[in-house]
Structures are given as structure tokens and as C-alpha cells.
Peer 1: 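This structure is in C-alpha cells; I'll ask about it shortly.
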Amino acid sequence: MTAIDKSGARSAISRRAMLAGAAGAGLSSLLPGRSSAQAATKVTQFIWTGAQEPVPRRIAAEYVKAHPGVTIDIIAGTNGATYPKLAASRDIDPKAPLLNLGFFNLDASERGRLVDMWLPIDAATVPNVAHILPQFRQKGDLGAFFCMDAGGLVYNTKYFGQSVPDSWDALFDPALKGKIALFDGFWPGNGLVVLAKLHGGSEDNIEPAIALYEKAARAGQFHSMVTSNAQMQQLLVSGEVVLAPHFRGVALPWAKAGAPIGYAMPREGQVAFPEGFQLVNGTSETQLPVCRDLINISLSPENVLDYCLTADVIPLMDNVKLPDSVAADPTIQPKAIASAIQLDYAKIAANGPKWADMWNKRVKANM
């Protein structure tokens, strides 16, 4: 039997608990386990909400069932909400981070790299890392990015019918005035960087896109800005919003659940959005073996495939192949992946604060 610790951490209210808010279930067991998991060891793992939850929760439950004394506290959320809490926890005490390991995108990972947030995940301690495609291995092994989402256009199928939007410039179509939503401050996911690149700018020159968004905001093109997937889903389902820049791996589970939502690949190309694990600096020597075990198990071919099928993302492993029925999707064909627009996430992390100031003053202020 697996015991569930619903308190989220310590018996008293801790700094970690206050930062985490409502943490997920802590899991423990009394069955025999491997020697790498130390007795009475607790680790905190961050996972994404929604379709990304089932596989890591299953792996955590299986792990604690096989390792006596190990507890895995799970915090489910988004990078946008959780990363700032993690950074705050390390500012307070570098040896007591809010998380020990978690699932992050390259945008958050590059921000963490700037402040020494991560520990290496190398093949010597996590053997399955060796199967990550070479072009997605991270400098210094700071991160294990085993899958990729694709960013494009998410739309209300009832509104568009068979006339699927096929260009990033559809976000500025006057016929859709007041029916476009954007993520606030999420540069890889709100179209800002890709629009800059398509209109003569770059990660070093965001002005062409800021000018486009400012003009559209003044004209009333945007319905609202959101800060969560749940908000975006609600707006699209209701029809208040009919088009938004967003990700395939978020939209397809909504569609599978019956929502009138579709994902379209812009003809200019999708945005490549690698995702994977980070090991947090400040994790103790007793916690590290457990964390490395969990990452290595998660990177096994069967678990990567399960994750990719459940979360509708694309594997970046040389030993994982999608079933033909899934691989036939035109948005994940080799040609579509090869032509995906690559973003410089290091520059996005470095320039983000400056862009936020421009965004707030010139876009948000004019909505």
C-alpha cells in the first residue's frame, strides 16, 4: 500500500510550504527498494498541469512503492507561476530550494542558467541522457530535454470551420478585431519573438514586433491577455476569443476532450519549444540519488513514449519512435520539425526584463 502525505512537507508550516501554496500529494511506501534511494529521504518534484500530469505521477507512485522511506512531494503548476517561487526560495536559502527536480521549458531553463539555478544531468549519473538527440543536449549538461512542443495557432473550430488560419499574421487580421488573446509576458508563446523574426527583427531587435503589437492594441485587436492555460481554454471554448498563439501539446488534449479547439501550423513555420528536466542546485547529497533515479526512469523509452502520447509532444530521443498513426500528423512530420523556427532562448532570458518594460508601456497600456 502507498501512503499519501497530504500535508505537502513538514509537520509545521515551512517556508517551502508557504512558497508552494497548495502542493501535490507526498508519496511513501514500505516495500523493498534499491540501495540508491536513502531511507527517510524526501524530494520535491515540479510537474506541469493537465495532460502532462499522469505519467510523472505514475512514475513517482511506482518509485516510492519500490523504495522504503522515500517521499516524493509533487507540485503541479506552470513554469510562469512556479519558477519565480523557486528563484525566491534560493534567494532566501540556497541550500533549501523549493524544488529538487522539475519539468521546465528552455525559456525558464535559460533564466535559471543565468543565476546558477541548475546542477548537471550527465550520462555518468543518468545513463538514459545518452539517448537524447545530440543537437538537444545542453551546454554543461544543465538540463535533460527529451521532448519538444510546437508553437503555432490555436483556434475555435466552430468559428473557422474549414477555413483554418495558416499564418502568424492572422493575429492582426482586422476581421478578428477583439477576438485575439495573448499570453502576458510569455515571449516564446505569445508570438512576439517569432513575429519579430518574420518582420526583419530578431532576439536582439524586438522593435518590429513591439510596433506591430502596439498598433494592434491601439486598434482594439486584442480581447485580453491571459496568465494560465485554463484562462485561454475558457475564452476559446466560449467563443469570446477565436484565435491565439499557443502550443500543440496544450491544444490537442483540449480537442480530444471534446472542446471546439484546433491547432494550426503557420505556413511560415512553427516555433520549436524543447522541454525536459532540471536538477536544482542546493539539492542535498542524500536527495541527489533519488532525483537522478527518477530522471533516468523517466527517460526510459517506454516512459518517454507514454509521456509524448499522453501530452501530445514530440520525442527528442534516438530510441523512441511514435506509432505510425500519430507520426502521420503533418505538424510533426520531419519536414515540419526541420523547418521549425528556432529561438535563441538565452537571448530571450537576457532581454526579457527590457521587453517586459516595452510590452507594459506600449502594448498592455493601450488595450
Peer 1: Backbone N or O of Gly152 within a donor-acceptor pair of the Tyr263 side chain at under 3.5 Å?
Peer 2: yes
Peer 1: Under the criterion salt bridge (Lys or Arg N to Asp or Glu O under 4.0 Å), I'd like the reasoning laid out for Lys321 against Asp318: C-alpha separation, chi angles, the key distance, then a yes or no.
Peer 2: CA-CA 8 Å; Lys321 183 180 183 296; Asp318 64 14; over 6 Å; no
Peer 1: For a 4.5 angstrom cut-off between non-hydrogen side-chain atoms, does Pro56 reach Ile74?
Peer 2: no
Peer 1: So, for Ala108 and Tyr83, which heavy atoms are closest and what is the spacing to 0.1 Å?
Peer 2: O-CE1, 3.8 Å
Peer 1: With distance as the sole criterion, is a donor-acceptor pair present between the side chains of Gln270 and Thr331 under 3.5 Å?
Peer 2: no
Peer 1: Just wondering, do Asn128 and Ile295 contact through their side chains at under 4.5 Å, heavy atoms?
Peer 2: no
Peer 1: Under a 4.0 Å threshold between the charged nitrogen and the carboxylate oxygen, would Lys197 count as salt-bridged to Glu203?
Peer 2: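 Salt bridge: yes.
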Peer 1: If hydrophobic clusters are built from ILVMFWY residues whose side chains come within less than 4.5 Å, do Met265 and Val164 share one?
Peer 2: no
Peer 1: Keeping Gln221 on the side-chain end and Asp173 on the backbone end, is there a donor-acceptor pair under 3.5 Å?
Peer 2: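 Pair found, side chain donor or acceptor close to backbone of Asp173.
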Peer 1: Would you check if Asp107 and Ile348 make a side-chain contact, meaning some heavy-atom pair closer than 4.5 Å?
Peer 2: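 Heavy-atom side-chain distance check passes, below 4.5 Å.
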Peer 1: Salt bridge or not between Glu62 and Lys65? Use side-chain N to carboxylate O under 4.0 Å.
Peer 2: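 No, this pair does not count.
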Peer 1: List in chain and number order the residues that pass side-chain hydrogen bond (donor to acceptor under 3.5 Å, both in side chains) with Thr283, two or more places apart in sequence or in another chain; answer none if no residue qualifies.
Peer 2: Asn100
Peer 1: Taking atom types as modelled, is there a side-chain donor on Asp306 or Thr310 under 3.5 Å from an acceptor on the other?
Peer 2: yes
Peer 1: Checking Thr82 side chain against Asn79 main chain: does a donor-acceptor pair fall under 3.5 Å?
Peer 2: no
Peer 1: Using a 4.5 Å cut-off on heavy atoms from C-beta on, say whether the side chain of Lys354 contacts that of Asn351.
Peer 2: yes
Peer 1: Between the side chain of Thr157 and the main-chain N/O of Pro260, is any donor-acceptor distance below 3.5 Å?
Peer 2: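 Checking the backbone N and O of Pro260 against the side chain of Thr157, a donor-acceptor pair under 3.5 Å is found.
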Peer 1: Aromatic rings Phe183 and Phe186: how do their planes relate, parallel, tilted or perpendicular, breaks at 30° and 60°?
Peer 2: perpendicular
Peer 1: Please find out if less than 6.0 Å separates the ring center of Phe145 from that of Phe273.
Peer 2: no
Peer 1: Taking 4.0 angstrom as the limit, do Arg248 and Asp149 come out as a salt bridge?
Peer 2: no
Peer 1: For residues Met225 and Leu176: do they belong to one hydrophobic cluster (side chain heavy atoms under 4.5 Å, members Ile, Leu, Val, Met, Phe, Trp, Tyr)?
Peer 2: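 Shared cluster, yes.
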Peer 1: Could you please spell out the steps behind the side chain to side chain contact (heavy atoms under 4.5 Å, CB included) verdict for Ile341 and Leu343?
Peer 2: CA-CA 6 Å; Ile341 299 170; Leu343 305 183; 4.1 Å; yes
Peer 1: For the CD atom on Gln234, are there more than 12 heavy atoms of other groups (residues, nucleotides or ligands in this structure) within a distance under 6.0 Å?
Peer 2: no
Peer 1: Once side-chain contact (heavy atoms from CB on, under 4.5 Å) is applied, do any residues pair with Ala356, and if so which ones, sequence neighbours excluded?
Peer 2: Trp187
Peer 1: Does Tyr345 have any ring-ring contact (aromatic ring centres under 6.0 Å, His included) partners at least two apart in sequence or in another chain, and if so, which?
Peer 2: none
Peer 1: For the residue pair Ser167 / Glu268, report whether a side-chain donor-acceptor contact shorter than 3.5 Å exists.
Peer 2: yes
Peer 1: State, with a plain yes or no, whether a side-chain heavy atom of Met148 is found less than 4.5 Å away from one of Val313.
Peer 2: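 No, their side chains stay 4.5 Å or more apart.
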Peer 1: For side chain to side chain contact (heavy atoms under 4.5 Å, CB included), just list the numbers for Tyr155 and Val242, CA-CA rounded to whole Å, side-chain angles, deciding distance to a tenth of an Å, and then say yes or no.
Peer 2: CA-CA 5 Å; Tyr155 62 97; Val242 299; over 6 Å; no
Peer 1: Testing the 3.5 Å rule here: is there a donor-acceptor pair between the side chains of Asn229 and His246?
Peer 2: yes
Peer 1: Identify the two heavy atoms, one from Pro120 and one from Leu279, that lie closest to each other, and give their separation to 0.1 Å.
Peer 2: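 Looking at all heavy atoms of both residues, the closest pair is O-CD2, 3.9 Å.
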Peer 1: Please confirm whether the backbone N or O of Phe136 pairs with a side-chain atom of Gln138, one donor and one acceptor, at under 3.5 Å?
Peer 2: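 Such a contact is found between Gln138 side chain and Phe136 backbone.
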Peer 1: Within the side chain of Gln333, is there an N or O that forms a donor-acceptor pair under 3.5 Å with the backbone of Pro330?
Peer 2: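 Not a single qualifying donor-acceptor pair exists.
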Peer 1: Distance-only, no hydrogens or angles: does the Trp48 side chain make a donor-acceptor pair with backbone N or O of Ala76 under 3.5 Å?
Peer 2: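 Side chain of Trp48 to backbone of Ala76: no pair is present.
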Peer 1: Give, for atom CZ of Phe222 and atom CD1 of Ile180, the distance between the pair rounded to the nearest 0.5 Å.
Peer 2: 7.5 Å
Peer 1: Go through it in stages, so that I can follow the logic: the residues are Leu299 and Val126, the test is side chain to side chain contact (heavy atoms under 4.5 Å, CB included), and I'd like the CA-CA distance, side-chain angles, deciding distance and then a yes or no.
Peer 2: CA-CA 9 Å; Leu299 294 179; Val126 183; 4.3 Å; yes
Peer 1: Roughly how far apart are Lys347 NZ and Ile206 CD1, rounded to 0.5 Å?
Peer 2: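 Spacing of NZ (Lys347) from CD1 (Ile206) equals 11.5 Å.
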Peer 1: Could you state the interatomic distance from CG (Asn105) to CD (Gln278), rounded to the nearest 0.5 Å?
Peer 2: 10.0 Å
Peer 1: Between Leu305 and Pro323, is any pair of side-chain heavy atoms under 4.5 Å apart?
Peer 2: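 Yes, their side chains come closer than 4.5 Å.
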Peer 1: Can you confirm whether Val154 sits close enough to Leu243 that some side-chain heavy atom of one is under 4.5 Å from a side-chain heavy atom of the other?
Peer 2: no
Peer 1: Using a 6.0 Å distance limit plus a 45 degree cone around the ring axis, check whether Arg362 lies over the aromatic ring of Tyr213.
Peer 2: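 The answer is no, since Arg362 fails at least one limit relative to Tyr213.
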Peer 1: Val194 and Val271: which non-hydrogen atoms are nearest, and at how many Å?
Peer 2: CB-CG2, 4.0 Å
Peer 1: Identify the two heavy atoms, one from Arg137 and one from Ala130, that lie closest to each other, and give their separation to 0.1 Å.
Peer 2: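 Closest approach of Arg137 to Ala130: NH1-CA, 3.9 Å.
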Peer 1: Under 6.0 Å between ring centres, would you say that holds for Phe146 and Tyr307?
Peer 2: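 Yes, they do, as the ring centres are separated by less than 6.0 Å.
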Peer 1: Please step through side-chain hydrogen bond (donor to acceptor under 3.5 Å, both in side chains) for the pair Ser300 and Asn303, ending with a clear verdict.
Peer 2: CA-CA 5 Å; Ser300 69; Asn303 282 329; 3.2 Å; yes
Peer 1: Given 3.5 Å as the limit, does a donor-acceptor pair link the side chain of Asn281 with the main chain of Asp116, or not?
Peer 2: yes
Peer 1: So does Thr125 get a backbone contact from the side chain of Asp122, meaning a donor-acceptor N/O pair under 3.5 Å?
Peer 2: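 The answer is yes, because a donor-acceptor pair under 3.5 Å joins these two groups.
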Peer 1: Quick one: pull up CZ in Arg58 and CD in Glu53 and give me the separation to the nearest 0.5 Å.
Peer 2: 14.0 Å
Peer 1: If I take atom CD1 from residue Ile210 and atom NZ from residue Lys215, how far apart are they, to the nearest 0.5 angstrom?
Peer 2: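 Output value for this atom pair is 15.5 Å.
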Peer 1: Any side-chain donor-acceptor pair under 3.5 Å between Ser202 and Asn205?
Peer 2: no
Peer 1: State, to 0.1 Å, how close Asn156 and Leu236 come at their nearest heavy-atom pair, and which atoms those are.
Peer 2: ND2-O, 2.7 Å
Peer 1: What is the ring orientation for Phe46 with Phe104, classed by angle as parallel under 30°, tilted 30 to 60°, or perpendicular over 60°?
Peer 2: tilted
Peer 1: When rounded to the nearest 0.5 angstrom, what is the spacing between SG in Cys308 and CD1 in Ile332?
Peer 2: 9.0 Å
Peer 1: Taking the side chain as everything from C-beta on, heavy atoms only, tell me whether Gln52 gets closer than 4.5 Å to Ile47.
Peer 2: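 Side-chain contact under 4.5 Å: no.
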Peer 1: Show your working on side chain to side chain contact (heavy atoms under 4.5 Å, CB included) between Leu294 and Val43 and close with a plain yes or no.
Peer 2: CA-CA 10 Å; Leu294 284 168; Val43 301; 4.3 Å; yes
Peer 1: What's the shortest heavy-atom distance between Pro97 and Val280, and which atoms?
Peer 2: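 Between these two residues, the closest heavy atoms are CB-CG1, 3.7 Å.
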